[in-house]
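To start, the structure under review is shown below, and the notes come after it.
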Amino acid sequence: MSVKSDRAKVSGTERRAFPVRLEVRAKQGVSNVSTIEGYASVTEAPFDMYDWLGPYSEVVRQGAFGKTLAENPQVQLLLNHGGLAMAYTKAGTLRLSEDSNGLHMQADVNTQRSDVGDMLAALDEGSVDEMSFAFRVTRQQWSPDYDQRDILEVDLHRGDVSVVNFGANPATSVGAMRAADFDRLDEADARALYERLQRRFQPAEGEARTLSLFQAQAAVLGL
């Protein structure tokens with residue numbers, strides 16, 4: 001039988017999404033390049049999480065990004081956590097820093113690329129207004145009742161910051177679930193998870209378009 005202390009045993013890559021206001025402007029002196037600027041994560045702002053044991057609160061604490069940023073992590077700017085990188089820290093086109101608000105990002109993107117153009121158009125018209133980032137927790141602290149998780153330090157190396165349609169809501173984080181707990185979700189959370197998995201396993205044209213139970217369980221298990 002699961003107990004709340006099991007929450008501290010969850011490991012691996014995690015993702016969190018936040019509503020943002022991204023500023024897009026032409027890069028001065030450089031043709032066909034625009035700069036996107038905003039926050040991929042906020043600190044000291046509690047948000048609601050949900051796992052197989054129910055709800056809890058999570059806070060990314062100020063300073064959580066200091067160590068990983070000092071180590072020059074390789075991080076890419078993606079769209080919906082997939083596709084070709086639009087900017088890359090290794091190339092100098094993606095720049096990350098931490099300030100009193102959170103994880104600040106600044107990216108130079110090539111407007112001649114069709115995927116970049118689509119993303120910028122969506123940002124301009126307000127159709128997209130969330131960012132997500134992929135990370136691993138290296139230091140954390142739980143409250144005695146395991147109802148609050150403070151993330152004290154993360155590792156961003158070989159992770160990403162993503163502009164997303166609808167961010168992977170912490171309440172439906174697949175990485176924190178087990179197949180045996182799938183049926184414990186209420187209808188709204190289960191439907192949200194099912195729709196996310198459908199998008200992940202979107203088949204090629206002509207293939208069956210129904211997500212099988214096997215695929216859903218494999219995704220929940222991270223297979």
Side-chain angles (χ1 to χ4, degrees), residues 11-45 47 59-140 151-168 170 173 175 200:
S11 61
T13 300
E14 302 183 46
R15 294 185 177 95
R16 298 291 182 269
F18 302 90
V20 295
R21 177 169 294 179
L22 293 172
E23 178 184 347
V24 181
R25 60 184 182 276
K27 189 172 180 66
Q28 292 186 347
V30 183
S31 60
N32 303 318
V33 174
S34 288
T35 299
I36 304 173
E37 187 170 0
Y39 287 88
S41 174
V42 293
T43 53
E44 302 301 327
F47 51 89
V59 186
V60 180
R61 291 300 183 187
Q62 190 171 345
F65 303 99
K67 183 176 185 293
T68 188
L69 292 177
E71 295 170 346
N72 297 315
Q74 295 178 19
V75 183
Q76 296 178 332
L77 172 66
L78 304 178
L79 181 62
N80 289 317
H81 294 291
L84 291 174
M86 298 181 178
Y88 190 15
T89 53
K90 189 176 181 180
T93 51
L94 175 62
R95 298 170 292 279
L96 301 173
S97 61
E98 182 180 11
D99 59 24
S100 59
N101 292 318
L103 180 63
H104 182 264
M105 61 139 281
Q106 189 179 70
D108 299 330
V109 294
N110 182 355
T111 58
Q112 289 186 311
R113 287 175 48 169
S114 60
D115 54 354
V116 170
D118 290 343
M119 178 185 69
L120 295 180
L123 289 171
D124 183 61
E125 67 188 18
S127 298
V128 175
D129 61 357
E130 290 191 17
M131 283 204 74
S132 177
F133 74 111
F135 63 99
R136 292 179 296 278
V137 174
T138 55
R139 194 158 55 91
Q140 64 183 332
I151 296 178
L152 305 178
E153 186 177 276
V154 302
D155 181 4
L156 296 173
H157 185 57
R158 301 188 71 82
D160 67 86
V161 293
S162 284
V163 176
V164 291
N165 296 340
F166 290 104
S173 176
R200 177 176 175 180

Problem - For the student: nearest non-hydrogen atoms of Leu77 and Ala107, plus distance - result: CD2-CB, 3.7 Å
Fill in the blank from the handout: One should read off an interatomic distance between Gln74 CD and Tyr88 OH, to the nearest 0.5 angstrom, of 3.5 Å
Handout entry: Main-chain N/O of Tyr39 paired to His104 side chain as donor or acceptor, under 3.5 Å
Key = no
Exercise for the section: Specify the closest pair of heavy atoms between Leu79 and Ser162, including all atoms of both residues, with the distance to one decimal. Expected result: N-OG, 4.4 Å
Handout entry: Any donor-acceptor N/O pair, Ser41 side chain to Leu103 backbone, under 3.5 Å
Key = no
Exercise for the section: With rounding to the nearest 0.5 Å, note down the distance linking OG1 in Thr138 to CD1 in Ile151. Expected result: 10.0 Å
Practice task
Spell out, as yes or no, whether a donor-acceptor pair under 3.5 Å connects the side chain of Thr89 to the backbone of Pro73.
Solution key: yes
Handout entry: Any Met105 side-chain heavy atom under 4.5 Å of Val75 side chain
Key = no
Practice task
State whether the number of non-hydrogen atoms from other residues, nucleotides or ligands found under 6.0 Å of Arg158 atom CZ is greater than 12.
Solution key: no
Practice task
Would you name the heavy atoms of Val164 and Ser132 that are closest together and state the gap between them?
Solution key: CG1-CB, 4.0 Å
Practice task
Kindly say whether Arg136 contributes a backbone atom to a donor-acceptor pair with the side chain of Thr13 at under 3.5 angstrom?
Solution key: no
Handout entry: Donor-acceptor contact below 3.5 Å, side chain Asn165 vs main chain Asn80
Key = no
Handout entry: Full working for side chain to side chain contact (heavy atoms under 4.5 Å, CB included) between Arg16 and Phe47
Key = CA-CA 10 Å; Arg16 298 291 182 269; Phe47 51 89; 3.8 Å; yes
Completion exercise
Output for pair (Asn72 CG, Lys90 NZ), nearest 0.5 Å, gives 12.0 Å
Problem - Interatomic spacing from CD1 in Ile36 to CE in Met131 - rounded to 0.5 Å - result: 8.0 Å
Fill in the blank from the handout: d(Asp160 CG, His81 NE2) to nearest 0.5 Å is 5.5 Å
Completion exercise
Heavy atoms of Met86 and Val109 approach each other most closely as O-CG1, 3.9 Å
Practice task
Heavy atoms only: give me the nearest Arg95-Thr35 pair and the separation to one decimal.
Solution key: NH2-CG2, 4.5 Å
Name the atoms and distances for all side-chain donor-acceptor pairs under 3.5 Å in residues 25-34, with sequence neighbours left out.
{"from": "Arg25", "atom 1": "NH1", "to": "Glu23", "atom 2": "OE2", "distance (Å)": "3.4"}
{"from": "Arg25", "atom 1": "NH1", "to": "Glu37", "atom 2": "OE1", "distance (Å)": "3.0"}
{"from": "Arg25", "atom 1": "NH2", "to": "Glu37", "atom 2": "OE1", "distance (Å)": "2.9"}

Handout entry: Minimum heavy-atom distance between Glu14 and Val137, given as atom pair plus value
Key = OE2-CG2, 3.6 Å
Handout entry: Residue list, side-chain contact (heavy atoms from CB on, under 4.5 Å) with Ala122, at least two apart or on another chain
Key = Ser127, Val128
Exercise for the section: Would you give the length of the straight line joining atom OG1 of Thr68 to atom NE2 of His157, rounded to the nearest 0.5 angstrom? Expected result: 8.5 Å
Problem - Which residues share a side-chain contact (heavy atoms from CB on, under 4.5 Å) with Glu98, sequence neighbours left out - result: Thr43, Gln62, Phe65, Leu69
